Peer 1: 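Here it is, the structure, as structure tokens.
What you see is a predicted model, and the numbers here were worked out from it, not measured in a lab.
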Amino acid sequence: MIVKPIEIPEFLQQLEALDGRLFKKHEKKELVGKQLTYRRTGYYGEKSVEFPLSCLPNKDYLILHNIRLHFQNHYFQIDTLILSRNFFLLLEIKNYYGTLVFDSDFDQFIRITDEGRKEGFENPIIQVERHKNQLNQWLVKCFGLAIPIETLVVISSPRTILINDSNNPHVKEKVIHSANLPLKIQEIQNKYRHPIVDTKQLTRISKKILKEHTPAWRNILQMFNLKENEILTGTRCDSCFHIPMIRKNGKWSCPICYHISKDSHLFALKDYALLIRKTITNKEARNFLHLSSDTTTKRLLQSMDLPYIGENKGRKYLLDSLVKRFEK
């Protein structure tokens, strides 16, 4: 059973918003685009395990995607965590193309692109083993529980070529393509035949993980050394992507392609929350949306049924719920 589904990471949403709100010739446009491509690739890689995991019996496994837990003054991230009564399984998912070489002599992970360019990365086997140790300590601290924890590195693309340069059995055991997941999990299940926890305990553990999960928040403007005034304001046309649209007769109109929209302000304020801050006043919304009327701005904000703090001119609308509305 999927307890925590795969969702679009907030950082990916931030990059998409930023990419759409920089001038085409902005000096940071290319850098943001490269980071966006990289993060999208990772997200699609994680999505690729959904189908093979759907082949598992629902009653035997609890599946949580994209978990970030705090332990000993730092956080650790798990791509996918599979809980069963007999064992836990951590998946580190990589969406790399080309040829992957596992150099056992130097614990190095090398990607060779189709053009022949070589790139070195942290060995994902070491990475997932580190997460295993951190999870083990977290479970001991929270539940006093010692349960077998297995790890796998999952390569999402079936076209990726894997090379185990020294025929290391550890690499052969730990690195698989995503299509092989169900069979590999069955192998692990056969290895651990005796339950360590009962169903009630397993549910309690999954609920605790969900409660303690802390999504990462990044100040994306600070990351790219950008200022608020470098961000394009206004609603964006979802047909030709022009910014800004114009408010006419209760609708948004694009001055370039004449596309009409009723709700472009929702996506504009989502961008505001992702890039600037997750609270907004009437004045801030009016300026960002290019509106001339306090009354129109107030009516739009109230129509979104957003929670708020304060009253009158001091009222701030909370935009976090707007981000969550479009994150899946």
Peer 1: State plainly whether one hydrophobic cluster holds both Leu139 and Leu91, where clusters connect Ile, Leu, Val, Met, Phe, Trp and Tyr through side-chain heavy atoms under 4.5 angstrom apart.
Peer 2: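 No; Leu91 is not reachable from Leu139 via cluster members.
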Peer 1: Are the charged groups of Glu284 and Lys316 less than 4.0 angstrom apart, N to O?
Peer 2: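 Judged by the 4.0 Å cut-off on N to carboxylate O distance, Glu284 and Lys316 do not form a salt bridge.
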Peer 1: If I compare all heavy atoms of Ser321 with all of Pro307, which pair ends up nearest, and what's the gap?
Peer 2: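 Heavy atoms of Ser321 and Pro307 come nearest at OG-CD, 3.8 Å.
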Peer 1: Are any of the side-chain heavy atoms of Gln127 and His131 separated by less than 4.5 Å?
Peer 2: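 Sidechains of His131 and Gln127: in contact.
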Peer 1: Looking only at heavy atoms, what is the nearest atom pair of Lys172 and Asn164, with distance?
Peer 2: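 Closest approach of Lys172 to Asn164: N-ND2, 3.9 Å.
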Peer 1: Verify the distance criterion only: is there a donor paired with an acceptor across the side chains of Glu230 and His26 at less than 3.5 Å?
Peer 2: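 Note: Glu230 and His26 side chains meet the donor-acceptor criterion.
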Peer 1: Keeping the roles fixed (side chain from Lys184, backbone from Ser178), state whether a donor-acceptor pair exists under 3.5 Å.
Peer 2: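 Not a single qualifying donor-acceptor pair exists.
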Peer 1: Using 0.5 Å steps for rounding, measure from the CZ atom of Arg130 to the CD1 atom of Ile125.
Peer 2: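 Atom-to-atom, Arg130:CZ and Ile125:CD1 are 13.0 Å apart.
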Peer 1: Is there a donor-acceptor contact under 3.5 Å from the side chain of Lys4 to the main chain of His65?
Peer 2: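 The answer is yes, because a donor-acceptor pair under 3.5 Å joins these two groups.
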Peer 1: Looking at every non-hydrogen atom in both residues, tell me the closest pair between Ser206 and Leu83 and how far apart they are.
Peer 2: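 The pair with the smallest heavy-atom distance is CB-CD1, 3.9 Å.
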Peer 1: Same cluster or not: Ile188 versus Val128, using hydrophobic residues (I, L, V, M, F, W, Y) connected whenever any side-chain heavy atoms lie under 4.5 Å apart?
Peer 2: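 Result: no, two separate clusters.
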Peer 1: Going only through I, L, V, M, F, W and Y residues with side-chain contacts under 4.5 Å, is there a path from Ile196 to Leu135?
Peer 2: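 Looking at the clustering, Leu135 is in the same group as Ile196.
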Peer 1: Running the 4.5 Å side-chain criterion over Ile, Leu, Val, Met, Phe, Trp and Tyr, what cluster does Phe23 land in, apart from itself?
Peer 2: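 Listed partners: Leu232, Ile243.
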Peer 1: Given 3.5 Å as the limit, does a donor-acceptor pair link the side chain of Lys29 with the main chain of Asp19, or not?
Peer 2: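 The answer is yes, because a donor-acceptor pair under 3.5 Å joins these two groups.
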Peer 1: How far does CD1 of Ile63 sit from OG of Ser84, to the nearest 0.5 angstrom?
Peer 2: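 So the CD1 of Ile63 and the OG of Ser84 are separated by 11.0 Å.
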Peer 1: Tell me whether Leu81 shares a hydrophobic cluster with Leu56, the cluster being built from Ile, Leu, Val, Met, Phe, Trp, Tyr side chains joined at under 4.5 Å.
Peer 2: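 Leu81 and Leu56: separate clusters.
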Peer 1: For the atom pair CG (Asn66) and CD1 (Ile78), what is the distance rounded to the nearest 0.5 Å?
Peer 2: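 It comes to 10.5 Å.
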Peer 1: Using side-chain contact (heavy atoms from CB on, under 4.5 Å), reason through Leu210 and Leu64 one step at a time and then give a plain yes or no.
Peer 2: CA-CA 9 Å; Leu210 284 176; Leu64 301 94; 4.0 Å; yes
Peer 1: Check whether any side-chain heavy atom of Val175 sits under 4.5 Å from a side-chain heavy atom of Phe102, and report yes or no.
Peer 2: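 Sidechains of Phe102 and Val175: in contact.
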Peer 1: Can you list the steps and then say if Asn282 with Arg315 is a side-chain contact (heavy atoms from CB on, under 4.5 Å)?
Peer 2: CA-CA 8 Å; Asn282 182 295; Arg315 176 175 292 187; over 6 Å; no
Peer 1: CZ of Phe121: more than 12 outside heavy atoms within 6.0 angstrom?
Peer 2: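 Yes.
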Peer 1: Taking side chain as C-beta onward, heavy atoms only, is Leu269 less than 4.5 Å from Leu301?
Peer 2: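 SC-SC contact between Leu269 and Leu301 confirmed.
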Peer 1: Following the transitive rule for hydrophobic clusters with a side-chain heavy-atom cut-off under 4.5 Å over Ile, Leu, Val, Met, Phe, Trp and Tyr, establish whether Val49 and Leu162 coincide in one cluster.
Peer 2: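 Unlinked, Val49 and Leu162 end up in two clusters.
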Peer 1: For a 4.5 angstrom cut-off between non-hydrogen side-chain atoms, does Leu18 reach Leu221?
Peer 2: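 Touching, per the 4.5 Å side-chain cut-off.
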Peer 1: Are side-chain heavy atoms of Cys257 and His242 found at a separation under 4.5 Å?
Peer 2: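 Result no, sub-4.5 Å side-chain heavy-atom pair not found.
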Peer 1: Given side-chain contact (heavy atoms from CB on, under 4.5 Å), test Ile209 with Val3 step by step and report yes or no.
Peer 2: CA-CA 10 Å; Ile209 292 173; Val3 177; over 6 Å; no
Peer 1: Going by heavy atoms in the side chains, are Lys28 and Asn225 under 4.5 Å from each other?
Peer 2: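 Yes, close enough: below the 4.5 Å cut-off.
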Peer 1: Could you go through the side-chain contact (heavy atoms from CB on, under 4.5 Å) check for Asp238 and Phe267 one step at a time?
Peer 2: CA-CA 10 Å; Asp238 57 10; Phe267 300 96; 5.9 Å; no
Peer 1: Is there a side-chain contact between Tyr97 and Asn95 (heavy atoms, below 4.5 Å)?
Peer 2: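 Of all side-chain heavy-atom pairs linking Asn95 with Tyr97, at least one is under 4.5 Å.
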Peer 1: Closest approach of Glu7 and Tyr43, non-hydrogen atoms and distance?
Peer 2: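 Scanning both residues, the minimum pair turns out to be O-CE1, 3.6 Å.
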Peer 1: By the side chain to side chain donor-acceptor pair (under 3.5 Å) test, which pairs, at least two apart or in different chains, include something from residues 188-199?
Peer 2: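 For residues 188-199: Tyr61-Gln189, Glu150-Lys191, Glu150-Tyr192, Gln186-Asn190.
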Peer 1: Do other residues, nucleotides or ligands put more than 12 heavy atoms under 6.0 Å from the CZ atom of Phe143?
Peer 2: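 Atom CZ in Phe143 is packed in, count exceeds 12.
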Peer 1: Below 4.0 angstrom, N of the basic side chain to O of the carboxylate: do Glu92 and Lys174 qualify?
Peer 2: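 Between Lys174 and Glu92 there is no salt bridge, as every charged N stays at least 4.0 Å from the carboxylate O atoms.
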Peer 1: Could you tell me if the side chain of Leu274 sits less than 4.5 Å from the side chain of Lys270, heavy atoms only?
Peer 2: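 Heavy-atom side-chain distance check passes, below 4.5 Å.
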Peer 1: Any side-chain to backbone donor/acceptor pair from Gln13 onto Ile8? Under 3.5 Å, distance only.
Peer 2: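 At least one qualifying donor-acceptor pair exists.
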Peer 1: If you measure from CG on Asn133 to CH2 on Trp138, what distance do you get to the nearest 0.5 Å?
Peer 2: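 With rounding to 0.5 Å, CG (Asn133) is 15.5 Å from CH2 (Trp138).
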Peer 1: Distance from Asp294 atom CG to Arg299 atom CZ, nearest 0.5 Å?
Peer 2: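 Asp294 CG to Arg299 CZ: 11.5 Å, rounded to 0.5 Å.
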Peer 1: Report, as yes or no, whether the 6.0 Å neighbourhood of atom NZ on Lys298 holds more than 12 heavy atoms from other residues, nucleotides or ligands.
Peer 2: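 Result for NZ/Lys298: open.
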Peer 1: Quick one: closest heavy-atom pair of Val140 and Leu145, and the distance?
Peer 2: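 For Val140 and Leu145, the tightest heavy-atom pair comes out as CG2-O, 3.5 Å.
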Peer 1: For Lys34, is the NZ atom crowded, meaning more than 12 foreign heavy atoms sit under 6.0 Å from it?
Peer 2: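 Result for NZ/Lys34: open.
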Peer 1: Working to the nearest 0.5 angstrom, can you tell me the gap between Tyr38 OH and Leu15 CG?
Peer 2: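 Atom-to-atom, Tyr38:OH and Leu15:CG are 12.0 Å apart.
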Peer 1: Do you know which two heavy atoms are closest between Arg247 and Lys262, and how far apart they sit?
Peer 2: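 Shortest heavy-atom separation between Arg247 and Lys262 comes out as NH1-O, 4.3 Å.
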Peer 1: Could you list all the side chain to side chain donor-acceptor pair (under 3.5 Å) pairs where at least one residue sits in residues 67-79, not counting sequence neighbours?
Peer 2: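 Listed once each, the pairs are His74-Gln134.
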Peer 1: As a quick check of understanding, evaluate salt bridge (charged side-chain N to carboxylate O under 4.0 Å, His left out) for Arg277 and Glu228, giving each step before the final call.
Peer 2: CA-CA 10 Å; Arg277 64 187 64 87; Glu228 283 187 30; 2.9 Å; yes
Peer 1: Assign the ring pair Phe109 / Tyr96 to parallel, tilted or perpendicular, where the plane angle (0 to 90°) is split at 30° and 60°.
Peer 2: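 Judged by the thresholds at 30° and 60°, the geometry between Phe109 and Tyr96 is tilted.
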Peer 1: Strictly by modelled atom types, are Thr160 and His177 linked by a side-chain donor-acceptor pair under 3.5 Å?
Peer 2: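 The criterion, which ignores hydrogens and geometry beyond distance, is not satisfied for His177 and Thr160.
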